Amino acid sequence: MLIKRPSDIASSEITPPEIYRRRREFIKAAAAGIGLAGAGPLLLGGGSVLAETSGGTAIPNVRPSPFSTDEQRTSLDDVTHYNNFYEFGTEKSDPAANAGTLKTRPWTLVVDGACEAPGEIGIEDLLSGFTQEERVYRLRCVEAWAMVVPWVGFPLGDLLRRFKPTSKARYVAFETLLDPEQMPGQRRSVLDWPYREGLRMDEAMHPLTILATGLYGELLPNQNGAPLRLVVPWKYGFKSIKSIVRIRFTEREPQATWNMMQPDEYGFYANVNPAVDHPRWSQKKHRVIGEGLFARKHETLPFNGYGDQVASLYSGMDLRRYF
Ligand code: MTE
């Protein structure tokens, strides 16, 4: 079984509301102490200690989600050392080695375009103002490998609704930070910077689509797109834009980086689809990182296994044409 239904979640797994309400104070302390991460346990007012795991800052009171897969999770080491983040280099090991130059505080997200209430919101408010859930999703990359990652985040739709999109808002455009000082890869023209992505409005509002603030219970490591990245589990990984600074409601289909670079290889929709091969390799199977090169390959499922939830978004569309 791939996806847990709400009825599969034991009530003991759900955080009691009184603990939950303390989240705001906790997060503020965690955000203030971000520079201390790795320098020992973080002391709060009353002498209580925030749990530390791998040296990052724990996000408190994360709720489990009914949408999580129960597949074996990829190790934290693999999730944080096998990355695509061209702003820090084009090799998989480059982001972990180089992303330390990215400053994630302060961080402001601008939301504008076709909406009644354009504005901006800081990362602390994104952490404290939205219910943080653990969503264990498989990230299937177009290069035919996958990882199973326990993301922490909240539905993108919860954020978008606050800015009151108008009837002209048919798409949502996303942009990564543009700052070659902090992102040395942007000094080279390997991509047309800043990295950009887009979703159709119904895809953006779908409850499976999240903005991730963390993984493995901690604030996102820089190489995974700190402090805020998109995760759309039924699409190829390149849609998961990292280190987002701007979200814009648009009437027209927005530009998306890989689609602009190589439109015959990377479509705007990028739905995981074993029936539509990448021009240079098959998309029927994938390897799971960490299982080793000689492990059995896994069959790739349409919409990455989320067909029950999302196939209806594309009814009547020719998915070979709109790949
Ligand atoms: N976002 C930005 N800004 N820059 C990138 O190069 N790479 C994409 C996506 N988001 C990328 C990005 C690709 S190709 C993939 S597969 C995923 O991030 C990888 O996410 P991960 O490193 O957390 O596994």
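We're numbering straight along the sequence, starting at 1. In listed order, ligands and their atoms are each counted from 1. Keep in mind it's a predicted model, so treat the numbers as computed, not measured.
Under the 4.0 Å criterion applied to side-chain N and carboxylate O atoms, Asp192 and Arg196 are assigned as salt-bridge partners.
For the pair Ser68 (side chain) and Val136 (backbone), a donor-acceptor distance under 3.5 Å is present.
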Could you list each N/O atom of ligand 1 together with any protein N/O atom closer than 3.5 Å, one pair per line with the distance?
residue  : atom   : partner : partner atom : Å
ligand 1 : 1 (N)  : Lys242  : N            : 3.2
ligand 1 : 3 (N)  : Glu87   : OE2          : 2.9
ligand 1 : 3 (N)  : Thr176  : OG1          : 3.0
ligand 1 : 4 (N)  : Glu87   : OE1          : 2.8
ligand 1 : 6 (O)  : Tyr86   : N            : 2.8
ligand 1 : 7 (N)  : Asn84   : O            : 3.2
ligand 1 : 10 (N) : Ser240  : O            : 2.8
ligand 1 : 20 (O) : Arg229  : NH2          : 3.1
ligand 1 : 20 (O) : Lys242  : NZ           : 3.4
ligand 1 : 22 (O) : Asn83   : ND2          : 2.8
ligand 1 : 22 (O) : Asn84   : N            : 3.4
ligand 1 : 22 (O) : Lys242  : NZ           : 2.6
ligand 1 : 23 (O) : Asn224  : ND2          : 3.1
ligand 1 : 23 (O) : Arg229  : NH1          : 2.9

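Listed by chain and residue number, nothing satisfies the salt bridge (charged side-chain N to carboxylate O under 4.0 Å, His left out) test with Asp77 (two or more places apart in sequence, or in another chain).
Side-chain heavy-atom separations under 4.5 angstrom define the hydrophobic clusters, and Met260 shares its cluster with no other residue.
Using bins of under 30°, 30° to 60° and over 60° for the plane-to-plane angle, the ring pair Tyr306/Tyr137 lands in the perpendicular bin.
Residue pairs meeting the salt bridge (charged side-chain N to carboxylate O under 4.0 Å, His left out) criterion with at least one member in residues 166-185, sequence neighbours excluded, are Glu175-Arg248.
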